[in-house]
Amino acid sequence: MIHVPLNPQRISQVLGNGYWRVKVISETTSTQSEIINNFSPLQHGDLLIAEFQNNGRGRLDRKFIAPPMRAILFSAFIKPERFISEWGWLPLVIGASVAEALSRITGKEFLTKWPNDVLFGEKKVCGILCESNYGGVIVGVGINVNFDSSELPVDNADSLNLIMGKAIERDLVLAEVLTQISKNLELWNTSSAELISETYIKYSATIGTEVKVELGNGKVITAKALGISEVGELLLDDGSAISIGDVTHLR
Ligand code: BTN
């Protein structure tokens, strides 16, 4: 497989509307930490993309590993126009946006695992890390696009090229994903909680499923996932509302 660099001009051309200010760099530690050093002052819509991260970070203190030019790796600065108590929805909005964009591009079904892993079947193709900082949220997205199967970091990971049986143009996937994120952010900023909840549930593999949730404190809950609370928690049929945890789908 030929691994070609991203083309910033083409990305901006396809994006068109100026919502995102895009900067592409070849290598960094983590776009999450580096975005602040690339935009001054940092504003809503600033977006740092890297071809390689030598210290990519995931949720729950995990690493996020991808060889150069295989993945789409970016961090965006988002200033939600919602009350801060509602910002727990942001990771869900981003996950649903990626699932929607990938489903549209590929014609296949991509769904989220709460809060925001994006899965094809039960395999993960995209991870999302949201960190509150600088008066907003740094939203980090990593999508596996052109991995050789031997390069996948874990057994339950997948990559778009392996799913589609052909190399995928990262520029186009990136532009579609960013366009969908900006549309859904507008929807979230201007609409009711119900409307966002409907959009999230449409692309959720978790809601309605029996799940095991590992909480940070070593506690494990097994229950059915019923829905999402007004602040973005996962609601279970044993009465619990989960804000942080690792979900496994049981069926
Ligand atoms: C997860 O799967 O736990 C979240 C992974 C988030 C990875 C992205 S890649 C771009 C940004 N920079 C990072 O260091 N992490 C996020």
Side-chain angles (χ1 to χ4, degrees), residues 1-15 18-78 91 94-95 97-98 101-102 105 116-118 124-134 136-154 157-163 166-179 181-182:
M1 172 170 305
I2 299 163
H3 298 292
V4 289
L6 289 163
N7 180 338
Q9 276 165 347
R10 185 164 183 233
I11 295 164
S12 297
Q13 214 171 30
V14 182
L15 281 174
Y19 187 98
W20 303 105
R21 278 167 306 286
V22 176
K23 183 164 180 195
V24 182
I25 55 175
S26 55
E27 179 169 349
T28 184
T29 49
S30 157
T31 54
Q32 291 293 103
S33 328
E34 276 304 311
I35 189 168
I36 186 67
N37 298 324
N38 281 272
F39 296 92
S40 176
L42 195 57
Q43 293 174 58
H44 177 86
D46 289 343
L47 188 102
L48 181 66
I49 306 171
E51 293 286 19
F52 179 62
Q53 300 180 122
N54 54 47
N55 193 20
R57 294 190 279 114
R59 285 177 67 239
L60 310 171
D61 280 335
R62 295 178 182 138
K63 298 255 175 246
F64 190 85
I65 298 167
M69 291 185 280
R70 280 18 173 215
I72 289 171
L73 308 167
F74 68 82
S75 295
F77 183 64
I78 304 297
I94 303 296
S97 305
V98 175
L102 297 185
I105 297 164
N116 54 13
D117 284 349
V118 181
K124 177 167 165 174
V125 293
C126 168
I128 295 166
L129 173 67
C130 293
E131 299 175 304
S132 292
N133 213 341
Y134 313 115
V137 183
I138 310 282
V139 171
V141 177
I143 307 172
N144 298 344
V145 182
N146 283 320
F147 279 59
D148 297 336
S149 47
S150 61
E151 294 169 337
L152 291 170
V154 286
D158 212 336
S159 177
L160 295 182
N161 61 314
L162 300 173
I163 294 163
K166 61 178 186 188
I168 304 293
E169 289 191 62
R170 287 184 305 148
D171 294 338
L172 297 183
V173 175
L174 178 64
E176 285 284 339
V177 165
L178 290 174
T179 302
I181 290 176
S182 59

Next on the checklist: Working note: Val98 + Ile143, criterion side chain to side chain contact (heavy atoms under 4.5 Å, CB included); need CA distance, chi angles, decisive distance, verdict.
Outcome noted: CA-CA 9 Å; Val98 175; Ile143 307 172; 4.2 Å; yes
Checklist entry - Can you check side chain to side chain contact (heavy atoms under 4.5 Å, CB included) on Leu162 and Ser159, steps first, answer last? => result CA-CA 5 Å; Leu162 300 173; Ser159 177; 4.0 Å; yes
Next on the checklist: Walk me through whether Leu129 and Arg57 qualify under side chain to side chain contact (heavy atoms under 4.5 Å, CB included).
Outcome noted: CA-CA 8 Å; Leu129 173 67; Arg57 294 190 279 114; 4.0 Å; yes
Checklist entry - Do Leu172 and Ile11 pass the side chain to side chain contact (heavy atoms under 4.5 Å, CB included) test, and can you show the C-alpha distance, the side-chain angles, and the key distance before you say yes or no? => result CA-CA 7 Å; Leu172 297 183; Ile11 295 164; over 6 Å; no
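Residues Arg59 and Glu131 are not paired through a salt bridge, judged by the lack of any N-O separation under 4.0 Å between the basic side chain and the carboxylate.
Taking CG from Asn38 and CD1 from Ile25, the interatomic distance works out to 5.0 Å, rounded to the nearest 0.5 Å. Here the straight-line distance linking atom CD1 of Ile138 with atom CG of Leu42 works out to 5.5 Å at 0.5 Å rounding. Going from atom CG of Asp158 over to atom SG of Cys126 covers 13.0 Å, rounded to the nearest 0.5 Å. Between Leu160 atom CG and Glu169 atom CD the span is 12.5 Å, to the nearest 0.5 Å. Rounded to the nearest 0.5 Å, atoms CG (Leu48) and CD1 (Ile35) are 6.0 Å apart. Asn161 CG to Asn146 CG: the interatomic distance, rounded to the nearest 0.5 Å, is 4.5 Å.
Asp117 places no side-chain N or O within donor-acceptor distance of the main-chain N or O of Lys124, the cut-off being under 3.5 Å. One N or O on the side chain of Ser75 and one on the backbone of Gln32 form a donor-acceptor pair closer than 3.5 Å. Asn7 contributes a side-chain N or O that, together with a main-chain N or O of Gln9, makes up a donor-acceptor pair within less than 3.5 Å.
Residues Cys130 and Val139 approach most closely at SG-CG2, 4.1 Å, considering heavy atoms. In terms of heavy-atom proximity, Ile72 sits nearest to Arg170 at CD1-O, 3.6 Å. Of all heavy-atom pairs spanning Pro153 and Ile65, the tightest one is CG-O, 4.1 Å. Residues Asn55 and Ser30 share a closest heavy-atom pair of O-CB, 3.5 Å. Scanning all heavy atoms of the two residues, the minimum distance from Glu34 to Thr28 falls at CG-OG1, 2.6 Å. Heavy atoms only, all atoms of each residue included: Phe77 and Tyr134 are closest at CZ-O, 3.4 Å.
Residue Val118 is tested with Val141, Leu102, Asn144 for a side-chain contact (heavy atoms from CB on, under 4.5 Å); the sole match is Leu102.
The six-membered or imidazole ring of His3 lies away from that of Phe147, with a centre-to-centre distance of 6.0 Å or more.
Among pairs with a residue in residues 62-77, those fulfilling salt bridge (charged side-chain N to carboxylate O under 4.0 Å, His left out) read Arg62-Asp246, Arg70-Glu151, at least two apart in sequence or across chains. Counting only residues at least two apart or in different chains, salt bridge (charged side-chain N to carboxylate O under 4.0 Å, His left out) contacts with residues 18-30 comprise Arg21-Asp46.
Residues Tyr19 and Leu178 form no side-chain contact, since every pair of their non-hydrogen atoms from C-beta on lies 4.5 Å or further apart. Using a 4.5 Å heavy-atom cutoff, the side chains of Asp171 and Val14 are not in contact. Side-chain contact between Leu47 and Ile49: present, with at least one pair of heavy atoms (C-beta onward) separated by less than 4.5 Å.
Scored by the side-chain contact (heavy atoms from CB on, under 4.5 Å) test, Pro68 finds Phe52 as partners (sequence neighbours excluded).
Around atom CG of Asp61, no more than 12 heavy atoms belonging to other residues, nucleotides or ligands sit under 6.0 Å away.
Ring geometry for Trp20 versus His44: interplanar angle under 30°, hence parallel rather than tilted (30 to 60°).
In this model, a donor atom of one side chain and an acceptor atom of the other lie less than 3.5 Å apart for Thr31 and Gln53.
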